[in-house]
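Step one of this worksheet: look at the structure below.
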Amino acid sequence: MNELDKIPVRQEISVAQGSVKRSNPLANVFDELVRFCQSRSMFMLHYCTGCGAIELPPAMTSRFDMERLGIQPMVTPRQADILLITGYVSVKTLKRIILTYEQMPAPKYVIGICSCTVNGGMYWQSYATAKVLKEYLPVDIYIAGCMPRPEAVISGLRDLMGDIKSGSASNWKRYFQNYDHYLGNQQKLFDEDWQTPTDIIAEAEHYGLITDQTLGEHTALLQKHQQPLEALEFSLGEKREKIRGENQ
Amino acid sequence: MHFLELLVELLLMPILAFVIGLAMVLMMRRIGARIQRRVGPPVLQPIYDIIKLYSKDTQISHGLMHEIGIIMAVGGYIAAETLLPVPGLDGLADKGGAVTLAYMLMIPALGMALGVGQCANPNGSIGISRALTAMLAYDIPFILVIFGASYVYGTTNLAEMISIQQQQGVSSWGIVQMPLLALTALLILPAIMGKHPFEIYVAPAEIATGPMVEMSGKFMGGLFVMQCFQLYTAGVIFTTLFLGGGVYWITFLPKIFLVVAIPMSVAYLFPRYRTEDVLRLMWKWPMLLGLIGLAVVMK
Ligand code: SF4
């Protein structure tokens with residue numbers, strides 16, 4: 001039985017990251033209202049990996065009905081609050097997950113469903129999967145199981161709701177505070193010229209979340225390889241000409 | 001004094017519209033849930049959503065036009081609300097009339113188009129082109145309906161239409177006088193509200209909710225607010241033209257909720273049409289019905 005205790009449920013939350021109470025009592029009431037609404041209205045990104053995804057439709061539809069908790073699916077990362085990682089994550093998928101995660105507006109939460117996101121699960125020996133999800137992204141809640149039943153998914157989501165309400169679900173700040181660590185792990189997996197279109201360091205500055213772990217050797221590497229984003233050229237006509245030329 | 005009264009009315013009308021609109025959004029989601037045998041969201045869910053969206057820490061703006069676009073989308077509806085007479089509050093209704101209202105209702109779609117244009121997301125552009133196509137599809141039958149109603153009542157003034165229907169009883173209601181036009185309006189109602197089976201521009205599966213693709217935080221919140229106004233406006237226009245409006249809220253509210261509930265209950269049973277099918281459908285049946293209806297009332 002003791003083994004069960006070793007399965008992580010929450011990533012350790014340091015005290016400094018808990019909610020900061022403001023001195024003005026009215027502001028406190030306001031904060032509490034906002035947190036309450038945030039916990040009662042969560043849009044989850046319709047993005048699924050691995051086999052655990054199959055447990056989400058029953059959790060959403062008539063039998064378990066997530067909408068009564070205020071959880072509904074949204075299709076673009078810009079509108080989503082929670083990112084559900086529903087199972088094993090292959091290296092290729094992880095790139096997309098990170099791209100998606102960085103585009104989500106804060107406060108954002110990540111839920112790792114399935115044992116595969118905890119420690120690699122039965123894909124432990126696979127060369128192509130990323131094993132421990134929390135090395136690449138800050139995870140708020142784990143729902144372990146191979147695969148967890150919809151009841152477990154709902155109960156995990158309720159745990160997250162409780163965390164948001166109490167203000168302790170601020171793991172998204174970790175990503176900015178420890179960006180160098182996360183980026184390092186990502187570079188190890190993807191190559192050292194890995195980059196995403198989102199400027200995390202500038203965002204961290206914007207939120208005032210720069211710590212001495214935000215910048216480091218890995219971000220230096222990123223800056224060395226970084227290419228400025230350019231708008232894609234729109235050249236349907238030319239391409240068509242080219243294809244036509246090749247065909248002839 | 002008169003000026004102050006008007007000012008209060010102008011403030012009160014959009015606020016009332018918003019509150020009723022919230023209830024309508026809730027009703028819509030509950031109807032959808034019941035049809036799918038679910039419980040549905042709690043009573044205050046629409047408010048939670050809006051507060052949540054406005055309280056996001058990240059608010060991604062794509063530029064000035066993006067922000068102005070949302071303001072136009074919400075503002076267009078707020079302006080439209082002041083032109084819609086409701087029990088006890090006439091606002092600008094006797095100065096505007098049905099034609100101004102029809103113009104006002106186009107502003108939100110144009111605002112969205114401007115705002116989405118600056119997001120530079122191809123999905124958004126596809127979405128907005130579909131939204132404008134849908135508008136083109138339903139606006140022609142809509143104008144037919146408004147024209148027919150104005151012809152029957154002999155005025156484009158909405159407040160006067162209501163008083164005519166109120167004074168002469170149920171037999172003078174639009175739905176008795178011009179049943180075909182009422183049917184036309186009922187057919188295009190889901191399109192005006194942007195709901196199934198005509199929600200070609202949201203299309204979550206293919207174009208990732210179209211115009212909303214880059215909207216997040218308060219921008220999305222603005223669109224949620226706009227949706228409340230949208231449902232309310234559609235309900236009130238139909239009630240004013242065909243169901244005798246209302247002198248008392250107690251008779252007025254059931255009517256507008258009923259009007260919104262009918263297309264909603266039907267909507268969740270149908271899958272979505274394709275863009276060209278919407279155009280074909282709208283320009284065939286509602287338009288044909290509308291034209292016959294016009295011929296009947298003008299005989
Ligand atoms: S934990 Fe089991 S069900 Fe979940 S992704 Fe891994 S193998 Fe699939």
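So that the names make sense, note that chain A is the first sequence line, chain B the second, and so on, each numbered from 1.
Side chains of P41(B) and Q72(A) form no contact here, defined as non-hydrogen atoms less than 4.5 Å apart. For the pair Y54(B)/V34(A), no side-chain contact is recorded, criterion being any heavy-atom separation below 4.5 Å from C-beta on.
In this structure, P42(B) and R40(A) approach most closely via the heavy-atom pair CG-NH2, 3.6 Å. Of all the heavy atoms in E67(A) and A33(B), the pair that sits closest is OE1-CB, 4.5 Å.
Residues that satisfy the ring-ring contact (aromatic ring centres under 6.0 Å, His included) test with F64(A), not counting sequence neighbours, are absent from this structure.
Going from atom CD of Q103(A) over to atom OG of S216(B) covers 10.5 Å, rounded to the nearest 0.5 Å. To the nearest 0.5 Å, atom CD of residue Q38(A) and atom CG of residue L53(B) are 10.0 Å apart. Note that OG of S41(A) is 12.0 Å distant from CD1 of I47(B), once rounded to the nearest 0.5 Å. Atom CE of M212(B) is separated from atom CD of Q79(A) by 7.0 Å, given to the nearest 0.5 angstrom. In this structure, K52(B) NZ and I164(A) CD1 are separated by 9.5 Å, a value rounded to the nearest 0.5 Å. Taking CG of N121(B) as the start and CZ of R78(A) as the end, the distance is 8.5 Å to the nearest 0.5 Å.
Other residues, nucleotides and ligands contribute only 12 or fewer heavy atoms inside 6.0 Å of the CD1 atom of I54(A). For Y207(A), the OH atom sits in a packed shell: over 12 heavy atoms of surrounding residues, nucleotides or ligands are nearer than 6.0 Å.
Note on R68(A), M42(A), E203(A): by heavy-atom pairs under 4.5 Å with chain B, the leading option is R68(A).
Listed for the Q45(B) side chain is no donor-acceptor partner under 3.5 Å among the backbone atoms of L69(A). Of the possible polar contacts, none joining the T58(B) side chain to the P105(A) backbone as a donor-acceptor pair under 3.5 Å is found.
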For a side chain to side chain contact (heavy atoms under 4.5 Å, CB included) check, start with the C-alpha distance between F36(A) and I51(B), then their side-chain angles and the critical distance, and finish with the verdict.
CA-CA 10 Å; F36(A) 177 76; I51(B) 296 183; over 6 Å; no
Decide salt bridge (Lys or Arg N to Asp or Glu O under 4.0 Å) for R37(B) and D65(A); before the verdict, give the C-alpha distance in whole Å, the side-chain angles of both, and the deciding distance to 0.1 Å.
CA-CA 9 Å; R37(B) 292 202 175 187; D65(A) 187 20; over 6 Å; no
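Proximity to chain B is limited to the backbone of T61(A), based on heavy atoms less than 4.5 angstrom apart. In this structure, no portion of L44(B) lies under 4.5 Å from any heavy atom of chain A.
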